[in-house]
Amino acid sequence: IKLDQPSGFSTSPLFELKKLTLELPEIDLSSPKWNVTQVAFETLNTSIERDAEGRTNLQQLVESWFPPNSATNKTQKSETTKKSPPLPELVFEDIHLKSFKLQLLDNIKGKPWNAGFDDLDIQVTGLELGKQQLIPISLNAFKLSLKGLSVDQAPTFDGCLLYTSPSPRD
């Protein structure tokens, strides 16, 4: 799955997912509880960018899909005012995000600033979402591993101030 950047941003993909695995038993769509055995996202790359005018690639993408004051937005607003049935409770036995890469690019005053990481793994077991109407969340286990973190010095930051308190003298 690949989603390109909107026009005016870099050529790197905004979102790219190499492999998605979804394992679930047979689900009764009318049931108030859905069980998902496994969800695995493998090699997920995301690039979040902000241009010199302060607009992000995500904002521009959403606005290109749903332009302000469009007939679609008006229809969606009127449809959301209708009462819909409650969402089912979701129970995930295992969620695994393998090799997630995030790149942040901010053009502060026209000067690029980068931050991000190369390899984040997250594993979650026993996640339950949406019991009844209150949407509580319960979780059995959470494991996080992060590699390759990097942050550029901001272009508007000229140096580092380090304050150390004087040591007491004998």
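Annotation: the span from Asn35 atom CG to Glu128 atom CD amounts to 8.5 Å, rounded to 0.5 Å. The OG atom of Ser145 sits 11.0 Å away from atom CD of Gln123, with the distance rounded to the nearest 0.5 Å. Distance check: Gln60 CD to Arg50 CZ gives 14.5 Å after rounding to the nearest 0.5 Å. Taken from CG in Leu97 to CG in Leu120, the straight-line distance is 6.0 Å, to the nearest 0.5 Å. Asn107 contributes atom CG, which lies 11.5 Å from atom CH2 of Trp113 (distance to the nearest 0.5 angstrom).
Annotation: side chain of Leu102 is in contact with side chain of Ile48 (closest heavy-atom distance under 4.5 Å). Gln38 is not listed as a side-chain neighbour of Glu93, based on a closest heavy-atom distance of 4.5 Å or more. You'll find the side chain of Asn45 stays beyond 4.5 Å of the side chain of Phe100, heavy atoms only. At a threshold of 4.5 Å between non-hydrogen side-chain atoms, the residues Leu17 and Phe41 count as touching.
Gln5 approaches Asn57 most closely through the heavy-atom pair OE1-ND2, 2.8 Å. Shown here for Gln103 and Ala115, the closest heavy-atom pair between the two residues is NE2-O, 3.5 Å. Nearest heavy atom pair, residue Glu49 against residue Ser12, reads OE2-OG, 3.9 Å. Residues Leu61 and Leu14 come closest through the heavy atom pair CD2-CD2, 4.2 Å. When every heavy atom of Pro13 is checked against every heavy atom of Ser47, the shortest pair comes out as O-CB, 3.5 Å. In terms of heavy atoms, Pro88 sits closest to Lys33 at CB-N, 4.3 Å.
No single ILVMFWY cluster, assembled from side-chain heavy atoms under 4.5 Å apart, contains both Phe15 and Phe9. Under a hydrophobic clustering in which Ile, Leu, Val, Met, Phe, Trp and Tyr are joined whenever their side-chain heavy atoms come within less than 4.5 Å, directly or via other members, Val91 and Leu29 fall into different clusters. Grouping the Ile, Leu, Val, Met, Phe, Trp and Tyr side chains by contacts below 4.5 angstrom, directly or via other members, places Leu105 apart from Leu3. At a threshold of 4.5 Å between side-chain heavy atoms, the hydrophobic network of Ile, Leu, Val, Met, Phe, Trp and Tyr places Ile95 and Val36 in one connected group.
Using modelled atom types, no side-chain atom of Asp51 and backbone atom of Thr56 make a donor-acceptor pair closer than 3.5 Å.
A salt bridge is absent between Lys98 and Asp121; no separation between the charged side-chain nitrogens and carboxylate oxygens falls under 4.0 Å.
Of the candidates Leu44, Thr43, Thr46, Asp118, Asp118 is the only one forming a side-chain contact (heavy atoms from CB on, under 4.5 Å) with Lys101.
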Item to check | Candidate pair Glu23 and Thr21, rule side-chain hydrogen bond (donor to acceptor under 3.5 Å, both in side chains), full reasoning | outcome: CA-CA 7 Å; Glu23 183 181 319; Thr21 304; over 6 Å; no
Next on the checklist: side chain to side chain contact (heavy atoms under 4.5 Å, CB included) for Arg55 and Glu63? Distances and angles first, verdict last.
Outcome noted: CA-CA 11 Å; Arg55 295 181 45 83; Glu63 288 174 6; 2.7 Å; yes
